[in-house]
2 protein chains.
Amino acid sequence: MAQDDKTNGRNVTLEDVVRLAGVSLATGSRVMNASPTVNSDARRAVEKASAQLGYVPNRAARSLMTRRSNAIGVIIPAPTSRILMDPFFLMFFSAIGTELALHSYQLLLVMPQSFDEEKHLERYLASGHIDGIVVTALHGDDTLPERIAARGVPVVVSGRAPLGARASYVDADCRSGAAAATAHLLAQGRRKLATISGSLDMPSAMDRLLGFRDALETAGIAADPALEAVGDFSQQGAAEAMNLLLERRPDLDGVFVASDTMAAMAMHVLQGSGLRIPEDVAVVGFDDQPIAQTTEPPLSSVRHPIEAMSHEMVRLLLHGIEAPDNQPRQVIFPTELVIRESSGGLSMARS
Amino acid sequence: MAQDDKTNGRNVTLEDVVRLAGVSLATGSRVMNASPTVNSDARRAVEKASAQLGYVPNRAARSLMTRRSNAIGVIIPAPTSRILMDPFFLMFFSAIGTELALHSYQLLLVMPQSFDEEKHLERYLASGHIDGIVVTALHGDDTLPERIAARGVPVVVSGRAPLGARASYVDADCRSGAAAATAHLLAQGRRKLATISGSLDMPSAMDRLLGFRDALETAGIAADPALEAVGDFSQQGAAEAMNLLLERRPDLDGVFVASDTMAAMAMHVLQGSGLRIPEDVAVVGFDDQPIAQTTEPPLSSVRHPIEAMSHEMVRLLLHGIEAPDNQPRQVIFPTELVIRESSGGLSMARS
DNA sequence: TTGTAGGCGTTATCAC
DNA sequence: GTGATAACGCCTACAA
């Protein structure tokens, strides 16, 4: 019967394997877990039988014993709406997923849509169903990471955790990256520099703004609040911010934008106003996403090493799972300024 | 001891709950599973004890018995690279996730990076660890859905499955949506219509191209292959395609683009060439993503109901889990043309 | 190095 | 309606 396919001859279990291999369950289990204390003959027999039968360990049974789920959750906290739309997250998921797959961990995507859901989630996470958590797109006042950590589940925040939070995080050195981008604009002789920032309740947004100010201060240029606008990481927000800036300071000659997605939109607005990039206004973005290479002109941007950072997050998490010590760790990766044409920093000699 | 926090007084189990409630394990289980055959006194007692203890059912143990994981997997097959970057997927994940949460299912994100991984995956999926699968971004020759379905795991493809494939899918009526968009351009008096399509090995891309051709044919306009270019759903591909089209037919006066992400880029290229939108060239996109509202001018686009479609996918999946019958089902949702300024179809009277 | 036996937390099958 | 009790598939002392 067709509808019996699934259970037909039911799923093959370790018992089936060891029976075929002629060893005991214990030995079979040892082989599956790469225990060193097993005769190579036995090992081969088990492996052969396993392959022959197409055995796949039952995760539920294993979890029940080991109290591990071999799954880690990636959480985007509730007030997520607009920022979620940044394709940056896709790269991030992909990088984390690849890294996890290497360790045969699963990636659980969790996107609570309300605070109620998030509350429920918290209990759920704490009950041993997920071995570790990556929290991303965290807003400043959210104590979710600490609450989870307090329940003994390893957590790592992607991006700097809020000041004073006792949580592990992995981040790029956004502040100095932003400062480098701004310094680069200054080096091109630009003096009327504006910035479009992300939502300022997000540390990553704040860091980029602070870096911008740092560079101005270093150069001895007084900060002008009218040259700072918030774009909240959305394209729409960026368009509004750029228009606002142009209205307030029509003579601005450079813009540092806190994400490439926003920068692309800002460029669009600038060009729509008849301004040339980089001749009239130089632009630098942040993230060095693929879009930076396809804007016209190509967008200078601050690159952060997503793969390396993802790798580190997973490493921290797995470490926290293997050897829990509740010590928050912070790892900061350096950024790199990638200069393209939008900032006028390239020799114009390109054919 | 700090490192003992997690197991301190270990996780509360159903046994703890029933002991406190003064009932048997069986009754406790019945309450948890909303069995009708339980006295309301007993029910209340269990619920109270459960709340008091903060009980959370152990999924592993439950799975072991029920042979259900209460998880569904969302798969983006291997050759994923560029298209993955479309923010459309984020909306999609979010919609699916919300829908799943309603049924207390988990969302497993699976992004195999190679065919080897994908192969391994197949066995894994088949071994009862995931109750159902959503396959998305499927390329034409990929038989993954059928292979999974053949192993008895419910599968639904997001977007039309390849012709001849025996798989359930949920899709928008892309073909007629594309035709409507094209007809709209024709209605504006445009006669030299071009299109930028997605990767033609993806049914959704092909459907949009076919719809474009349908409308031309209906209008009695001969198809001109030089007015069709492939943009593969990436921004870079779109830019290249638009440039190619302009080179081949500098006098084109309308473009139908298979995704908003690509359309935004195409507009950019057009404007970079000094062409006005919609005066010189009218543009219509597809997806009606947020970006459509923030381009300059706002982008006309074909909307498909992501939420409703996600809802339906989950419904199909859960149905397939509850009552397996291996009957592939197809559900097609109508699309809706949203007219904004980019197509010149709005009265220009707007203030 | 290997095997035996007990248990992980639930649900399902029975009697009662 | 309710309560024992036997699975579910695997891991892991412990003994051999």
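First the proteins, then the strands, lettered A, B, ... as listed; each starts at 1.
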- To the nearest Å, how far apart are A/N11 CG and D/dA7 P? 19 Å

- Message: Side chain of B/T13 only, heavy atoms from C-beta on: which candidate in C/dT10, D/dT12, D/dG9 is closest?
- Response: C/dT10

- Query: Can you tell me how far C1' of D/dC8 sits from CG of B/N58, to the nearest Å?
  - Reply: 13 Å

- Separation of atom CG in A/L64 from atom P in C/dT10, rounded to whole Å: 9 Å

- Task: Take atom CG of A/D16 and atom C1' of D/dC8, then tell me their distance rounded to the nearest Å.
- Result: 13 Å

- Message: In this structure, how many angstroms lie between the C1' atom of C/dC8 and the NE2 atom of A/H129, rounded?
- Response: 13 Å

- Item | Pairwise side-chain contact, A/V153 with A/R147, heavy-atom cut-off 4.5 Å (strictly under) | no

- Report the distance from atom CZ of A/R67 to atom P of C/dG9, rounded to the nearest whole Å. 5 Å

- Query: Atom CZ in B/R19, atom CG in B/L14: separation rounded to 0.5 Å?
  - Reply: 10.5 Å

- For B/E15 and C/dC8, give me the distance from atom CD to atom P, rounded to whole Å. 9 Å

- So A/F88 and A/F92, would you call those rings parallel, tilted or perpendicular, with 30° and 60° as cut-offs? parallel

- Rounding to a whole Å, what distance do you find between A/L25:CG and D/dA13:P? 16 Å

- Task: With the side chain counted from C-beta on, respond yes when A/Y169 and A/V135 share a heavy-atom pair under 4.5 Å apart, and no when they do not.
- Result: no

- Query: Do B/I75 and B/I133 come within less than 4.5 Å of each other through their side chains, counting heavy atoms only?
  - Reply: yes

- Item | Interatomic distance, B/E307 atom CD to B/T98 atom OG1 [nearest 0.5 angstrom] | 8.0 Å

- Query: Going by number, which of residues 29-50 of chain B have a non-hydrogen atom under 4.0 Å from DNA chain D?
  - Reply: B/R30, B/T37, B/V38, B/N39, B/A42

- Query: Between D/dG3, C/dG9, D/dC10, which one does the side chain of A/L14 approach most closely?
  - Reply: D/dC10

- Nucleotide nearest A/M65 (side chain, heavy atoms from C-beta), chosen from C/dG9, D/dG3, C/dC8: C/dC8

- Please tell me if the side chains of A/M32 and A/V46 come closer than 4.5 Å, counting only heavy atoms from C-beta onward. yes

- Heavy-atom distance under 4.5 Å between the side chains of B/I148 and B/R151, does that happen here? no

- B/E312 bridged to B/R315 by N-O distance under 4.0 Å: yes

- Work out how much the helix from C/dT1-D/dA16 to C/dC16-D/dG1 bends between its end axes, five pairs an end, to the nearest 10 degrees. 30°

